[in-house]
Amino acid sequence: MTIYKFPDNFKWGSATSAHQIEGDNNNDWSEWESKNANLKAQKAKEKKWPDHILSNYPNPLQEENYISGKACDSYNRYEEDFDIAEKLNQNIHRFSIEWSRIEPEEGRFNEKEMQHYINVVKALKNRGIEPMITLWHFTNPVWFAQKGGFLNIDSPKYFTRYVKFVVKNLKDQVGLWITFNEATTVYSGHSYLKGLWPPQHTNILEWRRVNKNIVRAHIQTYKAIKEIYNHSPANLESFEVEPQRFLEVQPRDRATSHNVEVGIAESNSFNPSGNSFYERIIGRVYNYYRNLFFLSAAFPYYDFIGLNYYNLDRKVPGSYKSVPKQDWYMEDMGWEIYPKGIWHVLGQLKKFKKPIYITENGTADSKDLVREQYIKEHLKWVWRAIQDGVEVQGYLYWSLLDNFEWAYGFIPRFGLVEVDFKIFERRIRPSALEYARICKENTLQI
Ligand code: NOJ
């Protein structure tokens, strides 16, 4: 048995997002879900599903599967959820605020919903759990989507106005903010290039425009949040908003922040390439757009990097020559699992010279057969990266609860805690207890 001790003050926790767990949201996603659920359920009939998925509620053949609906009902049950997180020895928790609740109509801010999130933060702090808040996790208010969402040149202005309202209300309670979740690594591609998510566009120019506006929105909100906490971002060099086209960035000093840190969470995959000149060039360009675009373009306007790591990506030619086919697949998502990839990706992020939180890492495993092993194998490589000088400050498993997995609906079960979507009962999975032991001892033993 080997013992891997993590640094003192390393944070341990889990993550969720509003639309995936709260229930009863009214945003661009909920609109899209109700329009598409029937078609999706019909299409699902063309596929052969394993029995364990068909016996779940809801199952892929039912329309309910594709409608977030009550989700986990966490809007009402967050105290129960945080009791579980506390019991599992977690000391940090990442969740998101739903913009459409806070600003349901343009310019009209809902104080009652703001109070709800103030209560959520208090509930975490009462349990000794530090809140890490994501301000945007894939969903938009309907009015904002109708204005073109992040295609709109004024989108940074709308987003910053919402962020200022939220941050002013929570600044004494919260010190860790994430502006955008997987905005340019997943969202813009799924929604504007591949046509998979609302608004289902397939236009490369729109994709570029959305990416650019999101970078602008991030930088504006970063500065606005710093100002609210009375930090002048003056020590940062003035910065051209135009995304950088270089593959490398020059690391500069981290922005000083005494009680607030503002970061970005992006999904980085490990994208091995072959060794020929042509394969390596494609590899570098792909890797830049897949993993580094936002972090390069927004540099140096973030205090930490949130890394969401899940899988190996085979899009670069020649990848099998450098990393052979793995036996380990996350069937529900069709992802190839490669724990060492987290070490590669962390190494790649080192050049930005910012601290890193693993803001997501997890597996869909409804029978809980491999989750424990998944967590441990990834943690082993996180530990290795720390020994190699990468400043990793915490690990947040995705997700605390089974939840609504976007276009897949409720099929993939990522939770440390199983949720019965009929009666909303929570059941802690055995792997969660193993993870709880690691959190408590700040040590991994395998
Ligand atoms: C990343 C996303 O942030 C989250 O919403 C999603 O559920 C997980 N990955 C799993 O796909």
Salt bridge (Lys or Arg N to Asp or Glu O under 4.0 Å) for R216 and D154? Distances and angles first, verdict last. CA-CA 10 Å; R216 289 172 58 223; D154 290 327; over 6 Å; no
In sequence, state the C-alpha distance, the side-chain angles, and the governing distance for S17 and Q20, and then conclude on side chain to side chain donor-acceptor pair (under 3.5 Å). CA-CA 6 Å; S17 91; Q20 295 179 271; 2.8 Å; yes
Please lay out, stage by stage, how R290 and N268 fare under the test side chain to side chain donor-acceptor pair (under 3.5 Å). CA-CA 7 Å; R290 180 64 189 79; N268 286 12; 5.1 Å; no
Between L295 and I264, does the side chain to side chain contact (heavy atoms under 4.5 Å, CB included) criterion hold? Intermediate values first, please. CA-CA 8 Å; L295 295 170; I264 297 169; 4.3 Å; yes
Might you work through the side chain to side chain contact (heavy atoms under 4.5 Å, CB included) test for F150 and Y158, ending with a clear yes or no? CA-CA 10 Å; F150 285 101; Y158 297 122; over 6 Å; no
E33/Y66 under side chain to side chain donor-acceptor pair (under 3.5 Å): CA gap, chis, key distance, verdict: CA-CA 6 Å; E33 290 157 19; Y66 307 98; over 6 Å; no
Candidate pair N89 and Y435, rule side chain to side chain donor-acceptor pair (under 3.5 Å), full reasoning: CA-CA 9 Å; N89 306 317; Y435 178 50; over 6 Å; no
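Among residues two or more places apart in sequence or in another chain, the salt bridge (charged side-chain N to carboxylate O under 4.0 Å, His left out) test is passed with D365 by none. Considering only residues two or more places apart in sequence or on other chains, Y309 meets the side-chain hydrogen bond (donor to acceptor under 3.5 Å, both in side chains) condition with none of them. Scanning for side-chain hydrogen bond (donor to acceptor under 3.5 Å, both in side chains) contacts around D81 gives S74, R426, with sequence neighbours left out. Applying the side-chain hydrogen bond (donor to acceptor under 3.5 Å, both in side chains) rule to W381 yields no partners; only residues at least two apart in sequence or on another chain are considered. Taking the side-chain hydrogen bond (donor to acceptor under 3.5 Å, both in side chains) definition, one finds that R209 meets it with nothing, sequence neighbours left out.
Remark: K354 does not engage E391 in a salt bridge, criterion side-chain N to carboxylate O under 4.0 Å. Look at K223 and E227 and you find no salt bridge, because none of the NZ, NE, NH1 or NH2 atoms lies under 4.0 Å from a carboxylate O. At a threshold of 4.0 Å, the pair K11-E130 counts as salt-bridged, since one of the basic side-chain nitrogens sits closer than that to a carboxylate oxygen. Between R94 and E360, at least one side-chain nitrogen of the basic residue sits less than 4.0 Å from a carboxylate oxygen of the acidic one, meeting the salt-bridge criterion. Looking at R101 and E22, a side-chain N of the basic residue comes within less than 4.0 Å of a carboxylate O on the acidic one, giving a salt bridge. Salt-bridge annotation for R413 and E405: absent, with no side-chain N of the basic residue lying under 4.0 Å from a carboxylate O of the acidic one. Classification of K321 and E279 as a salt-bridged pair holds, one side-chain N sitting under 4.0 Å from a carboxylate O.
Taking 4.5 Å as the limit, every side-chain heavy atom of V166 sits out of range of all side-chain heavy atoms of Y117. Between H116 and N110 the shortest side-chain heavy-atom distance does not fall below 4.5 Å. The side-chain heavy atoms of W177 and V260, taken from C-beta on, include a pair separated by under 4.5 Å. Proximity of I342 to F270: side-chain heavy atoms (C-beta onward) are nowhere separated by under 4.5 Å. Side-chain contact between L416 and I375 is present, with heavy atoms from C-beta onward closer than 4.5 Å. Inter-residue side-chain proximity for R108 and E103 is flagged as unmet; no heavy-atom pair is nearer than 4.5 Å. Using a 4.5 Å heavy-atom cutoff, the side chains of Q393 and I356 are not in contact.
Closest non-hydrogen pair, V121 versus P131, comes out as CG1-CG, 4.0 Å. The heavy-atom pair separating M330 from G362 by the smallest distance is CE-O, 3.5 Å. Taking both residues in full, the closest heavy atoms of G415 and R429 are given as O-NH1, 2.8 Å, listed atom of the first, atom of the second, then distance. Shown here for A123 and F82, the closest heavy-atom pair between the two residues is CB-CD1, 3.8 Å. Taking each heavy atom of A265 and N308 in turn, the nearest pair found is CB-OD1, 4.2 Å. Contact between D28 and A145 at its shortest, heavy atoms only, is CB-CB, 3.8 Å.
The aromatic ring centroids of F165 and Y162 lie 6.0 Å or more from each other. Between Y192 and W207, the distance from one ring center to the other does not fall under 6.0 angstrom. Between W12 and Y397, the distance from one ring center to the other does not fall under 6.0 angstrom. Aromatic rings from H19 and W406 are positioned such that their centres are separated by under 6.0 Å. Taking the six-membered ring for Trp and the full ring otherwise, W99 and F144 have centroids separated by under 6.0 Å. Under the 6.0 Å cut-off for aromatic ring centres, Y222 and Y302 do not qualify, their centroids lying 6.0 Å or more apart. Ring pair F294/Y289: centre-to-centre distance not below 6.0 Å. Ring to ring, H218 and Y301 are not that close: their centroids are 6.0 angstrom or more apart. Taking the six-membered ring for Trp, W197 and W32 have ring centres at least 6.0 Å apart. H137 and Y187 have their aromatic ring centers separated by at least 6.0 angstrom.
Among pairs with a residue in residues 327-340, those fulfilling side-chain hydrogen bond (donor to acceptor under 3.5 Å, both in side chains) read R314-E336, at least two apart in sequence or across chains.
Checked by atom type, the side-chain pair E113/Y75 shows a donor-acceptor distance below 3.5 Å. For the residue pair E98 / N27, a side-chain donor-acceptor distance below 3.5 Å is found, with atom types taken as modelled. Side-chain contact check for N442 and D8: no donor-acceptor pair (N or O, by modelled atom type) lies under 3.5 Å. Side-chain contact of N311 with S269: a donor-acceptor pair under 3.5 Å is absent, judged by distance alone. Side-chain contact of N26 with S100: a donor-acceptor pair under 3.5 Å is absent, judged by distance alone.
The environment of K5 atom NZ is dense: over 12 non-hydrogen atoms of other residues, nucleotides or ligands sit within 6.0 angstrom. For R384, the CZ atom is loosely surrounded, since the number of other residues' heavy atoms within 6.0 Å does not exceed 12. For NZ of K376, the number of neighbouring non-hydrogen atoms (other residues, nucleotides, ligands) closer than 6.0 Å is greater than 12. Atom OH of Y278 has 12 or fewer neighbouring heavy atoms from other residues, nucleotides or ligands inside a 6.0 Å radius.
Residue E266 holds its CD atom at 10.5 Å from CG of L349, rounded to the nearest 0.5 Å. Rounding to the nearest 0.5 angstrom, the gap separating the NE2 atom in H378 from the OH atom in Y310 is 10.0 Å. The CD1 atom of I21 lies 10.0 Å from the CG atom of N25; values are rounded to the nearest 0.5 Å.
For K315 and Y286, the positive end is not near the middle of the six-membered ring at less than 6.0 Å and at most 45° from its axis.
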